[in-house]
Amino acid sequence: MRDPFESHAPDHDPLLKDLTAPQREAVLLTEGPLLVLAAAGSGKTRVITRRIAHLIRMGVPAWSILALTFTNKAAGEMRQRVTTLLGEGRHTRGLTVSTFHALCARLLRKYADIANLPGLKPDFAIYDTSDQTSLLKRVIADMSLSTSNWPPRSVLSAISNAKNEMLTAEAFAARATDFYSRSISRIYTAYEKALRNAGAVDFDDLLLLTATMLERSREVRDDCHRRWQYLLIDEYQDTNRAQFKIASLLVGLPEPLPGEDQDSRGPNVCVVGDPDQAIYGWRGADISNILDFEQNYPAARVVTLGENFRSTAPILAAADTLIRNNQRRKHKDLFTSTPGGEKPLVVTARDEQHEAVLVTDFLRRTRQESESPLGWRDMAVFYRTNSLSRVMEDALRSAGIPYTIARGTSFFEREEVRNALAYLRVVANPADDVSLARIINTPSRGIGDTSVERVQTLASTSGTPLLEAMRSASEIADLSARARSSIASFVAMIDGWTGAGTFMGSQISSSLSDLVERVIRESGLEAHYLALSKAGKSEADLERPENLSELVSSARQFENEFDPDSDPAFFPGADAARDGRLAPIPPLLAMLRAYLESIALVADADAVDPEQGSVTLMTLHAAKGLEFKAVAIIGLEEGLLPHSRAQTSDAELEEERRLFFVGITRAMRHLQISSSRYRTIRGIPERTIQSRFIEELPREHVRFSDQADLMADADPFGDDAFVDELPTSRHGAGQRTGTPATLRQSDPAQGRAAGTLTAGSLVRHPQFGEGKVLSVTGGMGARATVQFKSVGTKTLVLQYARLSRIG
DNA sequence: TAACAGGCAGTTTTT
DNA sequence: CTGCCTGTTA
């Protein structure tokens, strides 16, 4: 057995010399199960990459190492850093650094033929959320159910949850007892059937089917065991049940395989994560996976990386004190060896506009005062929900501060790109009905809904894919002549691109980018979007032709970089024989499929990459994994953080707290946390309650500053001008434009009802309807507690609430 | 077949 | 107040 501790003197070893003692341990404990609890900012990526490099240097063949991540970005970064350490070439050859989903896709394609998974063909397409939604809509409609009773979104999330829990349609049916879940179960079953008919799987299937395959097939499992001896999983706190299963099966757990010489220490699985940063429970991640790792692997060793190299002591203290309020966690002592630093500032604003101004002030001030000058790119603003970004944008714009929002539809999600891709997907997979339905009349070519309906009926009665049914469109009696000829030329167009499925012949494109270009031009998409752009209606329309050319470039780039040998499922030497089993597919088709898959599994084309010189705005979720010199977190209010939809259980509340924790720990040197006393939610200004998390911050390490009452000078109309007065509800135009600003304007008529409102008065609210006043408070920010007939008791600020007295 | 009005709901997001 | 979906109308 190799003994790394003897063979290398740590202080002279380039892989170890700049590591702390626990970091070294995490690198050197290569054998047996290992849990690395990596606190925020503890140098996690550095440790992982060193560990991989160390393994290889110790003589472990690179191809026997498998590192799994959640995002392509993380995988790419890890791969990059390992190559930097070891250099390109034979040392790193065959090293697999992949996302869970990409690995699963490869394994499923490779083993589909021997895995005996019903309906799964090796050339399956991967459906994303919008594909799933349109398929599901059709399924629901075909079952004569209404999409208003069965909203695709929620049905889909029910199905997704089931798959994350490893519940197949049959398993789900078995435990469905009540009417609701039995209906969901029927839809689930039909949806699965439709997916398989379309030759497709969804994202969740990639995991579920892989887990099932590994579970059922000894042969597949053995193949994987033979190849991968060292498994490493990043962000382990975010794994769901299916991923846990896959990991276990890949390393040979739960039961050691009989007759196999199992190391008494257990498999070489190293998981890295931080329970305090688990913020994806709502999409199936199960924090127990990491919390129970030591139970699942009794021989596991645990290394805690608690030293923080990112934040100042007061910021760390704030994060630490906050997160100690969570029960379900593994405590880590967070510490930094660099003392000093500015205390985080907790400010209270009057309303969201004011809050946004306080943020721009903070950013400007920090930029100037900081001893080493900060650029806008070193700063970020975080919020719980995307809707909070708008006010922030307005304020930044009028302050002349450049900003970028880390969100927005990614390149591959834009309408025109999705349409072009739908064409390509039909070319790659003629059975892909969802894509076909999308493009059959895009741009419009005289095949209307009724015509599509009729062909679809033929398709489902004869059990053939839609495109096949279209070929026999002439047999459909009640199809108009026009539709008939349109359909014929549509089919001819597709056949022209594919050489009727052969991908052979002189007319057929020989390169991927040629094909993409041809499809965009001949489909009429190019002309369509060019015309739209000329019309120049919206900004988005102007960019569309450009995006289509961009797609051609992306295909060209893929073509140049495509390496058919870099397949993580490729097993060197061991199973060359099996590869002969599959009929050879035309090279262009192979490349097209690889291209489409690379797109399907890469969501964030323009990911969170702070543009040069601009402040980054993003949700707290998107902030994970990043760091900024200065951070502002806004909207620390009950209902927002913790979010109103996440207060039903302790588990949810703790996740909200972790979200705040993640936000705080992104900040390196400057941090401002803000709440606002009033906030306009869906057009209605409301009094807010400060987030309970503010109370959980350590008084001695943060500075509090209530700015809400100091605004009188800045806002001549605001604040105490009319606090005692109740604006009467104004009917007609006045009410529609009744923003807080206009209500606050000096209008004597407005104050007439003031004082007339007392406990017992009957009132009407434009949103909540009729209610009875229970109590009234006067003075600053006068408010009334009202018992509404329909929505219960609410406390309303008289200054803002458009209450009218009715008795 | 497309454009438009009206109704309704309204976290977080990767693959 | 928004955006999305549905159903209706020219």
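We name chains A, B, ... by the order of the sequence lines, and we start the count at 1 in each one. Computed from a predicted structure; not experimentally measured.
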(request) Could you work out which one of dT15(B), dT11(B), dT2(C) sits closest to the side chain of Thr71(A)? (result) dT15(B)

(request) Tell me whether dT12(B) sits syn or anti, counting syn as a glycosidic angle within 90° of 0. (result) anti

(message) Let me confirm one number: the NZ-CZ distance from Lys624(A) to Phe382(A), rounded to the nearest 0.5 Å.
(response) 13.5 Å

(request) Report the nucleotide, chosen from dT15(B), dT12(B), dG10(B), that has the shortest atom-to-atom distance to any side-chain atom of Arg682(A). (result) dG10(B)

(message) Parallel, tilted or perpendicular: which one describes the rings of His621(A) and Trp282(A), with boundaries at 30° and 60°?
(response) perpendicular

(request) Among dT13(B), dT11(B), dA2(B), find the nucleotide with the atom closest to the side chain of Trp282(A). (result) dT13(B)

(request) Mark yes when over 12 heavy atoms from residues, nucleotides or ligands other than Arg397(A) sit less than 6.0 Å from its CZ; otherwise mark no. (result) yes

(request) Using a cut-off of strictly less than 4.0 Å, decide whether Asn72(A) has a side-chain nitrogen or oxygen near OP1 or OP2 of dT14(B). (result) no

(message) Going by centres under 5.5 angstrom and planes under 30 degrees, do the aromatic ring of His621(A) and the base ring of dT12(B) stack?
(response) no

(request) Could you tell me the separation between the CZ atom of Arg384(A) and the P atom of dT12(B), rounded to a whole number of Å? (result) 7 Å

(message) Once you apply a heavy-atom cut-off of 4.0 Å, does Asn386(A) come out as touching a base, just sugar-phosphate, or nothing?
(response) sugar-phosphate

(request) Starting at atom CZ of Arg645(A), determine the distance to atom C1' of dG10(B), rounded to an integer number of angstrom. (result) 7 Å

(request) Classify the ring geometry between His101(A) and Phe203(A) as parallel (under 30°), tilted (30 to 60°) or perpendicular (over 60°). (result) perpendicular

(request) Could you check whether Ala646(A) gets within reach of a base, just the sugar-phosphate, or nothing at all, counting any heavy atom under 4.0 Å? (result) base

(request) Give the nucleotide from the list dT14(B), dC5(C), dT1(B) with an atom nearest to the side chain of Asn441(A). (result) dT1(B)

(request) Choose from dA2(B), dT15(B), dT12(B) the nucleotide whose nearest atom is closest to any side-chain atom of Thr385(A). (result) dT12(B)

(request) Could you tell me whether Glu656(A) contacts a base, only the sugar-phosphate backbone, or nothing, with contacts defined as non-hydrogen atoms closer than 4.0 Å? (result) base

(request) Mind calculating the distance between CD1 (Ile684(A)) and P (dA9(B)) to the nearest angstrom? (result) 15 Å

(request) Grab the CG-P distance between Leu601(A) and dT15(B) for me, whole Å please. (result) 9 Å

(request) For Leu641(A), report the nucleic acid contact type (base, sugar-phosphate, nothing); a contact means any heavy atom under 4.0 Å. (result) nothing

(message) Looking at Arg418(A), I'd like to know if its CZ atom is crowded, meaning that more than 12 non-hydrogen atoms belonging to other residues, nucleotides or ligands lie closer than 6.0 Å.
(response) yes

(message) Counting only side-chain heavy atoms from C-beta out, which of dT11(B), dT15(B), dG10(B) sits nearest to Thr99(A)?
(response) dT15(B)

(request) Please tell me which of the listed nucleotides, dT2(C), dC5(C), dT15(B), lies nearest to the side chain of Lys137(A)? (result) dC5(C)

(message) Counting only side-chain heavy atoms from C-beta out, which of dT13(B), dT2(C), dT15(B) sits nearest to Thr129(A)?
(response) dT15(B)

(request) Look at the side-chain N and O atoms of Ser387(A) and state whether any lies under 4.0 Å from the OP1 or OP2 oxygen of dT2(C). (result) no

